[in-house]
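Okay, structure first, notes after.
Predicted model, so just to flag it, every value in this text is computed and none were measured.
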Amino acid sequence: MDPKTIIVQTESTISPALIAGTLTMIGALLGIFLSNYYDRRKRREASEHKVKHIVNAIYTEFIVLWGEVDQGIGVAINKRKKGKILNFGMFFEEYNFILYESNGSLLGTIKDDELRSCFVKMYYAFKEVLGLVNRNQKKVENLIKVWDEMTKHREKTAFLGMVDPAYEAMTASEKIQKEDAVYFASTVKDGYERLKHIKDDLEQAYKEWEKNNGNTKKT
């Protein structure tokens with residue numbers, strides 16, 4: 001058989017319709033692939049944008065709250081002299097960590113382990129310090145009440161000019177409570193120092209996260 005005849009016969013078996021159908025199917029599959037690719041890309045970018053928003057929001061919340069704690073509790077701690085009680089003059093209300101607590105379930109989406117860890121540590125350190133401060137203030141107020149009672153009792157019995165067992169009992173109680181309050185003031189200071197250290201770690205971790213994620217937010 002003539003080779004040319006074979007070539008003609010082979011070529012004639014592939015119909016134009018089949019070629020067009022195949023190309024159409026390939027085009028459709030490619031279209032579906034590209035559509036899915038860009039859809040996944042958009043979802044990924046939206047997710048990454050959401051994570052950045054969450055990180056910036058929680059970080060800002062913590063830094064603002066730290067400023068309040070540092071200006072209130074920190075100043076009082078730094079002014080306290082060794083061996084003295086720590087009197088804030090008030091109880092601190094529980095902070096509402098709105099942004100952190102409302103997005104707590106999304107912390108797992110933060111891929112930066114160090115930053116995520118610092119957020120969690122900062123949250124619990126805040127809770128610890130505020131709890132210590134209010135326990136300390138309760139001890140101080142109880143001690144102040146003892147001082148007031150001692151003063152009033154002394155004023156009423158000073159004219160007796162004799163040893164007053166009741167006053168001596170108050171004095172003994174005052175000594176114990178004062179020693180407890182002085183000791184606890186050191187505990188508050190330790191908690192504050194831990195919080196400060198974690199805050200420093202958080203700032204460093206956030207800077208690294210900004211660098212790695214192209215974040216331009218300024219604080």
Side-chain angles (χ1 to χ4, degrees), residues 57-104 107 117-206 219:
I58 294 176
Y59 177 78
T60 300
E61 179 177 53
F62 280 168
I63 293 302
V64 169
L65 292 178
W66 161 255
E68 294 182 13
V69 168
D70 192 40
Q71 288 299 312
I73 298 172
V75 170
I77 288 174
N78 291 328
K79 287 183 177 179
R80 170 183 171 264
K81 295 181 180 180
K82 187 176 181 179
K84 300 293 183 181
I85 65 172
L86 183 58
N87 185 8
F88 296 102
M90 60 177 290
F91 286 93
F92 285 79
E93 295 183 3
E94 182 69 24
Y95 283 121
N96 293 318
F97 299 87
I98 298 173
L99 297 175
Y100 177 88
E101 292 177 346
S102 62
N103 292 286
L107 287 177
S117 175
C118 285
F119 277 150
V120 175
K121 290 178 181 178
M122 191 79 173
Y123 174 74
Y124 285 105
F126 266 125
K127 293 279 190 179
E128 178 193 26
V129 168
L130 294 176
L132 289 173
V133 166
N134 286 335
R135 285 174 62 191
N136 173 83
Q137 197 59 30
K138 183 66 176 178
K139 292 176 181 293
V140 169
E141 291 199 357
N142 288 338
L143 181 59
I144 291 174
K145 288 180 181 178
V146 171
W147 287 340
D148 289 341
E149 291 174 359
M150 289 176 65
T151 300
K152 292 177 181 178
H153 187 84
R154 192 61 177 169
E155 290 174 348
K156 292 180 179 179
T157 60
F159 69 92
L160 296 177
M162 56 182 291
V163 176
D164 184 354
Y167 186 80
E168 287 187 339
M170 290 181 183
T171 301
S173 175
E174 184 268 347
K175 182 180 179 181
I176 294 172
Q177 292 192 49
K178 183 178 179 181
E179 289 176 350
D180 182 46
V182 170
Y183 173 80
F184 203 79
S186 299
T187 303
V188 176
K189 182 180 179 181
D190 291 342
Y192 168 80
E193 292 295 338
R194 282 194 297 273
L195 176 61
K196 184 178 180 181
H197 179 72
I198 294 172
K199 187 271 302 181
D200 292 340
D201 289 344
L202 173 60
E203 288 182 328
Q204 183 60 38
Y206 180 77
T219 59

Side-chain touch Tyr100/Leu107, heavy atoms, less than 4.5 angstrom
yes
In Å, rounded to the nearest 0.5 Å, how long is the span from [atom1] of [X] to [atom2] of [Y]?
X: Met150; Y: Glu168; atom1: CE; atom2: CD; result: 10.5 Å
X: Leu143; Y: Glu179; atom1: CG; atom2: CD; result: 11.0 Å
X: Phe62; Y: Phe97; atom1: CZ; atom2: CZ; result: 6.5 Å
X: His197; Y: Lys121; atom1: NE2; atom2: NZ; result: 8.0 Å
X: Glu141; Y: Lys138; atom1: CD; atom2: NZ; result: 6.5 Å

Testing the basics here: between [X] and [Y], what is the closest heavy-atom pair and its distance to 0.1 Å?
X: Leu195; Y: Ala125; result: CD1-CB, 3.6 Å
X: Ala57; Y: Leu99; result: O-CD1, 3.4 Å
X: Leu132; Y: Phe184; result: O-CE2, 3.3 Å
X: Phe126; Y: Trp66; result: CZ-N, 3.5 Å
X: Leu86; Y: Ala76; result: CD1-O, 3.5 Å
X: Ile85; Y: Ala181; result: CG2-CB, 3.8 Å

Would you confirm whether Asn136, through its side chain, and Val188, through its main-chain N or O, come within 3.5 Å as a donor-acceptor pair?
no
Pairs involving residues 184-194, ordered by first then second residue, that meet salt bridge (charged side-chain N to carboxylate O under 4.0 Å, His left out) (sequence neighbours left out)
Glu128-Arg194
Got a sec, which pairs hit salt bridge (charged side-chain N to carboxylate O under 4.0 Å, His left out) with one end in residues 74-88, sequence neighbours left out?
none
With Tyr192, which residues qualify under side chain to side chain donor-acceptor pair (under 3.5 Å), at least two apart?
Asp70
Taking side-chain contact (heavy atoms from CB on, under 4.5 Å) as the criterion, tell me which of Leu65, Val64, Ile63 meets it with Glu61.
Leu65
Contacts of type salt bridge (Lys or Arg N to Asp or Glu O under 4.0 Å), residue Asp180, not counting sequence neighbours
Lys139
For Glu203, the salt bridge (Lys or Arg N to Asp or Glu O under 4.0 Å) test, sequence neighbours excluded, returns Lys199
Non-neighbouring partners of Ile144 that pass side chain to side chain contact (heavy atoms under 4.5 Å, CB included), sequence neighbours left out:
Asn87, Val140, Trp147, Asp148
